[in-house]
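Below is one structure, written out as structure tokens; comments come after it.
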Amino acid sequence: MSATPATATPGRGSLSAETGVARAWRWLREHAVNIVAVLVVVYLLIPIVVIFVFSFNNPAGRYNFTWVGFTLSHWSHPFSNTELTNALLMSLKLALLATVISTIIGTMMALALVRHSFFGRRVTNFLIVIPMATPEVVMGASLLSFFLILGTPALGFETLLIAHVMFCISFVVVVVRSRLIGFDRSLEEAAKDLGADAFTTFRLVTFPLILPGIFGGAMLAFALSIDDFVISNFNAGSTVTFPLYIFGAAQRGIPVEVYVVAMILFFGTVLAMGFATLQQRRAERMTAIRPEQEESDIALPGIA
Amino acid sequence: MAAAIRRRSVAYFLLFPGAFWLIVFFVIPLYFMAKLSLDTEIPGTLHYHFTWHWDNYKEALELYDTQFVRSFIYAGIATFLCLVIAYPLAYVIAFKAGRWRNLMLFAVVAPFFTTYLVRTLAWKTILADESPVTEFLHAIGLAPNSHILYTAVAVIAGITYNFLPFMVLPLYASLERIDVRVLEASKDLYASASSTFWKVTLPLSLPGVVAGTLLTFIPAVGDYINAEFLGGANNRMIGNVIQSLYLTQSNYSSAAALSFVLMAVIMVVVFVYIRFAGSEALMGQEAV
Amino acid sequence: MRTTGKPGRSAALKLAVALAALAATVVLAACGSGIEGPVEATAAKVELEKKASGELVISNWPLYIDKKTVPNFEKATGISVAYHEDINSNEEFFNKMQPLLSSGESGGRSIFVLADYMVAKMMKLGYVQELDKSALPEVEANLSKSLRHPPFDPERSYTVPWQSGMTGLIVNKEKAPNVHSICDLFNPKYKGKVDFLNEVRETVPLVMKCEGVNTEKATEADWLKAIEKIGEAASSGQISRFTGNDYAQDLTNGNAIAVMGWSGDAVQLQIDNPNLEWRMPTEGCMLWSEDMVIPIGAPNPTAAEAFMNYVYKPEVQANITEYVNYVSPVEGVQEILVKREPALGKNHLIFPSASFTKNCSPTPTLEGKEEKNVIKAFDEVLNG
């Protein structure tokens with residue numbers, strides 16, 4: 001973990017063998033951090049490669065755990081398993097709705113927190129942070145207790161939606177708020193000076209400028225929702241989402257299609273992220289606000 | 001003055017839906033769980049009534065103290081490993097990656113884009129007893145009995161993997177904020193590479209360390225997927241217990257009591273940690 | 001940033017009052033329903049309509065029916081079937097459904113398939129409808145003699161068996177050639193390579209058999225002693241883990257070489273990997289069955305009974321047996337399969353003879369306090 005020395009001392013010509021070793025040793029020392037970093041990147045990517053490879057597996061029985069042979073058949077019919085497809089559609093529907101709702105009310109909250117002074121601000125901040133500092137299992141369990149004691153007739157899509165919006169809000173607020181904090185208020189003042197009313201200013205100036213932040217928050221919410229297992233498992237009743245389907249199927253053997261669908265989701269997200277980054281760059285170029293702003297800001301939804 | 005009042009009501013208007021949702025579906029459920037944790041079952045009916053039954057806590061903790069302690073140990077080790085693994089990576093991305101930076105950042109978040117359960121199952125394949133990886137580790141003497149899956153090692157490895165990005169990203173964010181000129185100044189003053197690191201870089205990246213540690217540790221303690229898929233009979237964590245008490249045994253009172261204790265202990269740990277390490281990381285720049 | 005002034009305060013106060021009122025409403029709504037509400041008992045009997053039609057929703061375990069039966073049934077009757085494979089655990093499914101059932105609803109489902117003990121529990125709680133036998137002539141004619149009078153439902157008034165099976169040993173005969181009894185699973189030679197089932201009513205009686213206890217007369221102390229033995233084996237690392245059907249993965253991957261397992265799985269596993277083999281434990285096996293029931297509040301019970309009746313036609317059941325490889329509760333299936341698929345028709349795991357199962361016992365029922373203590377102790381072992 002050392003910083004690279006700026007210059008390398010020239011080798012001593014006479015002891016060439018030793019120098020070779022010494023040089024190799026020095027090279028290693030200089031590049032140790034880089035080597036470790038590359039190894040960590042490899043470590044991060046190994047399971048993805050395994051998932052990709054096993055999505056082409058051709059297992060004889062029901063278990064996609066050992067490599068048997070190559071086939072394209074699962075890629076050509078990724079949605080042939082109706083239980084799986086229904087679960088995936090359920091997850092997509094749930095994630096879309098949860099994203100829309102949590103993004104709208106999360107953005108409103110973020111606006112209130114950054115733009116307005118009001119009594120109860122600390123409590124509100126606390127209210128937003130606490131769900132993020134609560135283990136999922138506790139959130140899932142407490143919501144289930146709530147529904148059980150209330151006697152909610154059916155756990156299912158509605159209770160899942162409630163739960164998903166609940167755990168997404170905080171993350172949306174944090175992402176959008178960080179965008180609002182770095183916002184140049186003088187642009188709004190300029191709009192007002194030019195005679196725009198508050199609503200017009202918001203519509204034409206504020207909203208387009210914070211849009212990348214909102215988009216980032218929405219993407220994070222979507223990712224959290226579609227991947228959630230723990231809270232869903234507590235509150236799904238007999239509704240089956242994609243992660244819940246996988247958990248059930250893990251008992252009897254995971255169909256290869258699950259790996260295919262996982263890879264499709266992976267590539268889909270990568271595309272969406274590429275799109276978001278492009279959007280953000282364009283927004284920044286067009287407005288030329290804070291050119292020093294990192295474009296990676298939005299590209300890192302996980303940072304929360 | 002009227003304008004100020006209007007602005008405030010705008011603030012409450014903006015705040016209301018979110019606050020409503022969080023209060024009704026997060027705060028009130030916690031109250032209900034507290035209530036449930038003090039209930040007693042009417043025998044054989046699956047119905048409960050409220051009795052201030054504090055023994056639920058005592059019984060649950062007596063039965064499951066092992067899993068409790070184990071969860072904190074596993075999560076602690078995994079968090080430490082994450083820190084050790086993530087720091088060099090974040091350091092390289094921040095200072096040395098150059099044009100590779102975005103690609104490396106992408107590699108860090110890439111695991112998020114594959115379903116959590118699927119990537120954990122992938123580790124099950126990788127660590128299976130007859131897999132090439134296990135056989136290789138066995139050959140170089142790192143895997144006695146050629147048995148990794150269904151041990152504590154597998155569970156901790158799984159947790160470390162799954163929460164590593166939560167450590168890398170905040171570390172990167174704080175390292176990236178460091179002014180390179182400060183590091184150069186240190187070098188100009190003849191500080192060795194290692195003392196530059198220990199005396200300048202590391203202290204300046206401390207907010208990232210704090211945020212990363214919390215973002216890793218909190219979900220890791222409550223996690224039960226890794227223990228479920230990668231762990232054996234002796235590696236169950238408190239999340240597994242809460243899950244099975246709620247969902248398979250309908251022993252709601254004990255489960256609620258355990259959840260409450262878990263939350264309380266985490267709060268205490270986090271609070272103490274923040275007291276020592278500073279608060280801005282968790283609460284965001286402008287809060288508190 | 002914070003400003004405090006009268007207007008702000010009063011608005012905050014209003015907000016607080018509104019939220020408090022909301023909280024109060026929620027809490028008030030809590031009284032009178034849910035798990036803290038009063039206990040309601042319900043009882044119902046299926047009332048048949050003239051002709052079965054409409055839609056039928058079935059919940060069953062995954063991979064527990066062949067691909068043809070449902071479409072054939074739809075064609076034969078005009079009923080459209082939504083067949084869900086959403087049961088992975090008796091307890092978990094029951095707990096998911098319980099809030100609905102206690103308010104007299106079935107979540108739109110008309111047939112559940114659950115283990116004997118769970119069905120018995122549901123009957124006691126009044127969650128199951130009494131069947132109208134006039135619509136079940138095929139069941140009446142073909143139900144296997146040995147399954148006609150189970151202690152929990154002596155006249156089969158509420159339940160119709162779906163499949164039966166045996167719980168015994170599945171071993172990798174190359175790596176664990178000498179495992180022949182449940183006791184052998186405790187041999188340190190196989191340390192860390194053994195899986196036990198996470199089913200208390202199968203795992204514990206099998207271990208009691210190894211201890212020489214008569215499972216049908218076992219006392220609570222016998223149960224607890226066996227659980228203690230299992231617990232010691234688990235904490236010493238002898239038992240790698242407790243599984244449901246996922247022991248199959250461990251056997252195929254080499255993570256386990258001897259497990260407690262189910263007969264139908266063994267037939268399947270053998271097809272993929274000839275090294276894997278079912279073994280009747282020298283102590284004997286456990287016999288179980290899973291039953292179809294019509295939950296209270298089920299829509300279209302007429303169609304549900306039509307389905308129950310349909311799968312009891314031997315030629316229909318033969319297709320199911322051919323696919324799932326468990327012990328069929330329907331008589332006349334063996335005759336069909338011997339002709340069609342002799343290997344299966346003569347397989348003693350699918351059609352066990354009385355002498356083959358002579359030492360086997362039915363899964364015991366546990367009740368009341370004994371059940372509670374046993375399950376609690378076993379769960380402590382499961383959670384390590």
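The figures that follow rest on heavy atoms only: side chains count, while hydrogens, waters and symmetry mates do not. In what follows, chains are A, B, ... by sequence order, proteins preceding strands, each numbered from 1.
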Check: [Y] and [X] side chains under 4.5 Å, non-hydrogen atoms:
X	Y	answer
B:L22	A:P131	yes
B:F13	A:M108	yes
B:K96	A:N34	yes

Using every non-hydrogen atom in the two residues, find where [X] and [Y] come nearest and quote the distance to one decimal.
X	Y	value
A:P135	B:I266	CG-CD1, 3.2 Å
B:I218	A:A133	CG2-O, 3.5 Å
A:S142	B:P29	O-CB, 3.5 Å
A:A112	B:L15	CB-CD1, 3.6 Å

Any chance you could lay out the ring pair (Phe, Tyr, Trp, His ring centres under 6.0 Å) test for B:Y12 and A:F119, step after step, and finish with the verdict? CA-CA 9 Å; B:Y12 289 119; A:F119 176 69; 8.4 Å; no

Hey, could you give me the CG/CD1 distance between B:L121 and A:I246, rounded to the nearest 0.5 Å?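 Separation between the atoms: 7.5 Å.
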
Ring centres under 6.0 angstrom apart (A:F146, B:F26):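 Not close enough - the centres of the two rings lie 6.0 Å or further apart.
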
Answer with side chain, backbone, both or neither: which region of [X] has an atom nearer than 4.5 Å to a non-hydrogen atom of chain B?
X	result
A:M109	both
A:L265	both
A:V138	both
A:F167	neither
A:V36	side chain
A:A250	side chain

Using heavy-atom distances under 4.5 Å, tell me whether [X] contacts chain A through its side chain, its backbone, both, or neither.
X	answer
B:V168	neither
B:L247	side chain
B:T160	both

Do A:L44 and B:L89 pass the side chain to side chain contact (heavy atoms under 4.5 Å, CB included) test, and can you show the C-alpha distance, the side-chain angles, and the key distance before you say yes or no? CA-CA 11 Å; A:L44 279 164; B:L89 178 60; 4.0 Å; yes

Max heavy-atom pair count under 4.5 Å with chain B, selected residue of [options]:
options	value
A:V173, A:I130, A:I101	A:I130
A:A198, A:S170, A:A141, A:A262	A:A141
A:L111, A:V137, A:D227	A:D227
A:V261, A:N233, A:V41	A:N233

Using 30° and 60° as the class limits, which term best fits the ring planes of B:Y161 and A:Y43: parallel, tilted or perpendicular?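 The rings of B:Y161 and A:Y43 stand perpendicular, inter-plane angle above 60°.
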
Going through the distances and angles, do B:L117 and A:F242 end up as a side chain to side chain contact (heavy atoms under 4.5 Å, CB included)? CA-CA 10 Å; B:L117 296 190; A:F242 182 55; over 6 Å; no

Determine the option with the most heavy-atom pairs under 4.5 angstrom with chain A, choosing from B:V221, B:T115, B:T125, B:I85.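 Greatest number of close heavy-atom pairs with chain A: B:T115.
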
Do A:F266 and B:F112 pass the side chain to side chain contact (heavy atoms under 4.5 Å, CB included) test, and can you show the C-alpha distance, the side-chain angles, and the key distance before you say yes or no? CA-CA 9 Å; A:F266 175 79; B:F112 281 141; over 6 Å; no

Spell out, as yes or no, whether a donor-acceptor pair under 3.5 Å connects the side chain of [X] to the backbone of [Y].
X	Y	result
B:W21	A:I105	no
B:Y116	A:D228	no
B:Y246	A:F234	no

